[in-house]
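Below is one structure, written out as structure tokens; comments come after it.
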Amino acid sequence: MIAEPPALACHGLTLAYTADPVVRHLTLEVGAGETVALLGPSGSGKSTLLHAVAGFIRPTAGEIAISGRVVATAQRAEPPERRSVGMVFQHYALWPHMTALETVAFPFQRSGMPRPDARREAAKLLELMGLGRLSARPPSELSGGEQQRIGLARALARRAALYLFDEPTAHLDVPLRAALQEELAEQRTRTGAAAVHATHDVAEALAVADRVALLREGQLVQVGTPSEVYQEPVDRWAASLTGPASILDVIVERVE
Ligand code: ADP
Ligand code: MG
């Protein structure tokens, strides 16, 4: 049997907007069907990394492969529409002229589904996410949290081998946040898709992920299961990021 290629493989990836890179020599693999949480403080490079995987930023060095196919190097990068990824942006961009239903139906239609079926599927997805009563509204008549969930429904409507979530619960109240995390977990079991889930929220990272990757100033500090990163942080920074840390100064008097 041939092993399935990783859903995502970044090797020696360097990403820069200016001369000073934001992500440096990053190597990370996400297995088929695996969810990896990208956990790091604001400004650590999470969005930049996801944008590069989705195809909006070209690497300065290194490469990105999706399902075993190289999609980006410094020399050559495929455009976003050629990559089989569904992305939920931190700053959601909904189409202003479309209602919630049309927005979510669009990816179904694009994949070749007849319009009535696409609308039915979209209605089901909106219902599932507690948005059924908002289907006829355009984005201007929706709150930030509602827009975020429509963006998420639109991404889920696009069947992808890899989903990228950029702080998807940032605009949600706590109870909704938990419901959404459950929905994501269900979706993942149903479709077997892989995901990278960027967040600065430790609880969320530990709850949603098979593995957690700690990002600090564009470099991976530790990658491990939630219990590994929580119980065995590699350094003081990792310890204070993943939980309330009691740091004790010790004097080593003798090593036996
Ligand atoms: P995160 O998502 O973890 O908060 P970002 O990837 O948004 O981090 O940002 C990482 C770094 O890159 C920050 O220092 C930010 O100021 C910088 N940065 C982000 N976008 C741009 C841009 N379009 N031009 C220049 N610098 C940027
Ligand atoms: Mg960000």
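In listed order, ligands and their atoms are each counted from 1. Just so it is clear, the structure is predicted and the values come from calculations on it, not from any experiment. We number each residue from 1, following the sequence as shown.
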Going by atom type alone, with no hydrogens or angles, which donor-acceptor pairs under 3.5 Å involve a side-chain atom of residues 128-142 and a protein atom two or more places apart or on another chain?
| residue | atom | partner | partner atom | Å |
| --- | --- | --- | --- | --- |
| Ser135 | OG | Gly132 | O | 2.5 |
| Arg137 | NH1 | Glu141 | O | 3.3 |

Under 4.0 angstrom from atom 19 (C) of ligand 1, is there any protein heavy atom? yes

When you measure from the heavy atoms of Gly40 to every atom of ligand 1, does any distance fall below 4.0 Å? no

Minimum-distance protein heavy atom relative to atom 26 (N) of ligand 1: Tyr17 CD1, 3.4 Å

Which protein heavy atom lies closest to atom 8 (O) of ligand 1, and at what distance to 0.1 Å? Gly45 N, 3.2 Å

Is the number of heavy atoms from other residues, nucleotides or ligands under 6.0 Å of Tyr230 OH greater than 12? no

Tell me the protein heavy atom at minimum distance from atom 14 (O) of ligand 1, and give that distance in Å. Gly43 O, 4.1 Å

Contacts of Glu167 that satisfy side chain to side chain donor-acceptor pair (under 3.5 Å) - sequence neighbours left out: His200

Does any N, O or S atom of Ser47, backbone or side chain, fall under 2.8 Å from the Mg ion (ligand 2)? yes

Would you verify that at least one protein heavy atom lies under 4.0 Å from atom 3 (O) of ligand 1, or report that none does? yes

Test item: side-chain donor near acceptor, Ser44 and Glu217, under 3.5 Å: no

Could you check atom 11 (C) of ligand 1 against the protein and tell me its nearest heavy-atom contact, residue, atom and distance included? Val22 CG1, 3.5 Å

Considering only NZ, NE, NH1 and NH2 on the basic side and carboxylate oxygens on the acidic side, decide whether Lys124 and Glu127 come within less than 4.0 Å. no

Give the atoms of ligand 1, by number and element, whose distance to some non-hydrogen atom of Thr48 is under 4.0 Å. 5 (P), 6 (O), 9 (O), 10 (C)

Out of curiosity, is Ala198 lining ligand 1, as in a heavy atom under 4.0 Å away? no

In the protein, which heavy atom is nearest to atom 7 (O) of ligand 1, and how far is it? Ser47 CB, 3.7 Å

